[in-house]
There are 2 protein chains.
Amino acid sequence: MTKASDRAYDAIRAMILSGELAAGDPVREEALAERCGVSRTPIRDALRRLEGDLLIRKTDSQRSFVADWSLDDVGDAFELRAMLEGYAARRAARNMSAEVLEQLRACNAAIAAAISGRKPDVATFLDRNREFHALVLETAGSRRLTNLLTALIEQPVVWRTAHHYDPEAFQRSHSEHGDLLSAFERGDGAWAESIMAGHIRRAFHAYSDAHLGMKAAGRDAA
Amino acid sequence: MTKASDRAYDAIRAMILSGELAAGDPVREEALAERCGVSRTPIRDALRRLEGDLLIRKTDSQRSFVADWSLDDVGDAFELRAMLEGYAARRAARNMSAEVLEQLRACNAAIAAAISGRKPDVATFLDRNREFHALVLETAGSRRLTNLLTALIEQPVVWRTAHHYDPEAFQRSHSEHGDLLSAFERGDGAWAESIMAGHIRRAFHAYSDAHLGMKAAGRDAA
DNA sequence: CTTATCCAAATTGTATACAATACAGAACCT
DNA sequence: AGGTTCTGTATTGTATACAATTTGGATAAG
């Protein structure tokens, strides 16, 4: 933590993820600087990073805007995620250890607890879900893969999708994690890959269904 | 081009790609600033971008070094490239237009010319090869995919590999591009994907063979 | 009324100065 | 002598001032 720069990065990302900064909004360095209580220098640093995360988009003349994602963009992101996280799961199956397996089980148990009640604890679900995927990714043991996926995993749009899940969707997600555990236990990388890819694709369709009504979704999952 | 910042980025990247800055070398901002004739501010900007490209690595305390890649790292990068560029080829097949197809043909013709002589024109080969892949990527029409692949395509290690190609390797590369053209002509995305994935994998093994001797390469292409 | 041009305001890019931090070597204690 | 702490130096982080560029509108010509 280099203090100001990272603080600014976290703060701005949080603003975008929470929707406080809406998609398409212009972003002025000085305004953010004042808001974060730092000078423009660390803000520029943070914006550069956020641009890498594709949360910020810069126009031809370097003006910054909050990136807005069309349904097609989101579809692309999910398809890439499905491919890359599938690959991560395959690699993770090769490297899986008893300890990590136990951690994954604990994680999924926590998820089960969070969604068992009448009112699902969405925040906990999201946290533990992220932890689960992070563990798999870490076990895959490819710094490069982690790097690529980080930009894809924390999408503002996706972030809020789980709030529209119906109870059954939570249950399915939990159950798919269970299948993944079975694949890991058996060291079956190909199986793990299939499950993970399907898991991510299902998440996309959950998102897509939640955001329909505007127009019939015309994407074909190739 | 915001002038100084981009100039610094290009200059530093060129230093790394050319080997002028060797892997593992420490990188001091002020030294680069003097060398590029600009102040530290645009240098920091450039370093941040290069860090995103994984050409620069920063230690715990934010000191910069030229990233060094193990054979395993390179293998990972290639495998990811194979997957992602395969996907790009599939999408490109869907979107292919007559104009782009013509450009690709011209590109591959230029490659043929460059490698036909007794002494292959490696610089031209590399340029046109990059152009070919860039066209495919652009036609895939996914900003996100482009973003992910950019970091993977221009690797310093890879960059110098083609200089060790034997004549046959150049010929194969050209011929695979030709196959890709056939797939595009027929709009066969699945075929295009297979060819591209194989094309990239072959490139890895060419790299791997060129850099062997140190120890028997123990990677398994999954 | 439309269009082009130019000017003023706003915004980003760069340079420099200064503060904070990390590294290395010396002095000191055990 | 070995290890530890302390201090000077080198390097990075931040703030501010200023230059360059862009944006939007006002104004004038057609």
Side-chain angles (χ1 to χ4, degrees), chain A residues 1-16 20-68 143 147 150-151 156, chain B residues 1-16 20-68 143 147 150-151 156:
Chain A
M1 278 288 225
T2 62
K3 268 207 309 217
S5 173
D6 293 315
R7 215 150 30 87
Y9 173 80
D10 290 339
I12 299 171
R13 196 181 61 175
M15 289 184 211
I16 296 176
E20 191 174 350
L21 288 176
D25 278 3
V27 170
R28 293 189 324 279
E29 293 176 358
E30 200 164 2
L32 286 177
E34 189 179 0
R35 185 150 189 185
C36 297
V38 296
S39 91
R40 272 180 50 213
T41 310
I43 294 289
R44 299 188 98 254
D45 229 40
L47 285 180
R48 178 73 69 192
R49 274 191 271 176
L50 290 163
E51 194 188 355
D53 295 346
L54 291 181
L55 289 176
I56 290 289
R57 206 182 106 250
K58 293 200 171 183
T59 69
D60 47 350
S61 66
Q62 299 302 105
R63 274 176 158 69
S64 303
F65 294 84
V66 178
D68 60 339
R143 216 173 61 245
N147 223 325
T150 299
Chain B
M1 279 290 219
T2 64
K3 266 203 312 214
S5 173
D6 293 315
R7 211 149 34 87
Y9 174 80
D10 290 339
I12 300 171
R13 195 180 62 174
M15 288 183 211
I16 297 175
E20 190 174 349
L21 288 176
D25 278 4
V27 170
R28 293 188 326 279
E29 294 176 357
E30 200 165 2
L32 287 177
E34 189 180 358
R35 184 148 188 188
C36 298
V38 296
S39 92
R40 271 180 53 214
T41 310
I43 295 289
R44 300 188 98 251
D45 228 42
L47 285 180
R48 178 72 70 191
R49 273 190 272 176
L50 289 163
E51 195 189 353
D53 296 346
L54 291 181
L55 289 175
I56 290 289
R57 204 182 110 250
K58 293 200 171 183
T59 69
D60 48 350
S61 67
Q62 299 300 106
R63 276 177 156 70
S64 302
F65 294 85
V66 179
D68 60 338
R143 217 175 58 244
N147 222 326
T150 299

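Just the heavy atoms: all of them, side chains too, but no hydrogens, waters or symmetry mates, feed the values below.
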Rounded to the nearest angstrom, tell me the gap between atom [atom1] in [X] and atom [atom2] in [N].
X	N	atom1	atom2	result
B/Asp45	C/dT12	CG	C1'	11 Å
A/Arg28	D/dT23	CZ	C1'	13 Å
B/Asp60	D/dT11	CG	C1'	14 Å
A/Arg7	C/dA20	CZ	P	14 Å
A/Ile43	D/dT14	CD1	P	10 Å
B/Glu29	C/dA22	CD	P	15 Å
A/Glu30	D/dA17	CD	C1'	12 Å

Inset, instruction - On DNA chain D, check which nucleotide each of A/Gly37 and B/Ser61 is closest to and give me the residue with the more 5' one. - result: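 Nearer the 5' end of the strand: B/Ser61.
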Where the side chain of [X] is defined as all heavy atoms beyond and including C-beta, which of [options] is the nearest nucleotide?
X	options	answer
B/Lys3	D/dT14, D/dT11, D/dT21	D/dT21
B/Arg40	C/dC23, D/dA15, C/dA17	C/dA17
A/Arg63	C/dT11, C/dT16, D/dT14	C/dT11

Inset, instruction - Grab the two heavy atoms, one from B/Ala46 and one from B/Ser5, that are nearest each other, plus how far apart they are. - result: CB-O, 4.1 Å
Legend entry - For A/Asp25, the option from A/Ile16, A/Val66, A/Asp68 that meets side-chain contact (heavy atoms from CB on, under 4.5 Å): A/Val66
Inset, instruction - With rounding to the nearest 0.5 Å, note down the distance linking CZ in A/Arg49 to CG in A/Asp10. - result: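 Reported to 0.5 Å precision, the distance equals 8.0 Å.
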Inset, instruction - Determine whether A/Ile12 and A/Val27 make a side-chain contact, defined as any pair of heavy atoms from C-beta on separated by less than 4.5 Å. - result: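 Answer no - side chains too far apart.
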Inset, instruction - With heavy atoms under 4.0 Å as the rule, sort A/Thr41 into base, sugar-phosphate or nothing. - result: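 Answer is base: heavy atoms of A/Thr41 come under 4.0 Å of a base.
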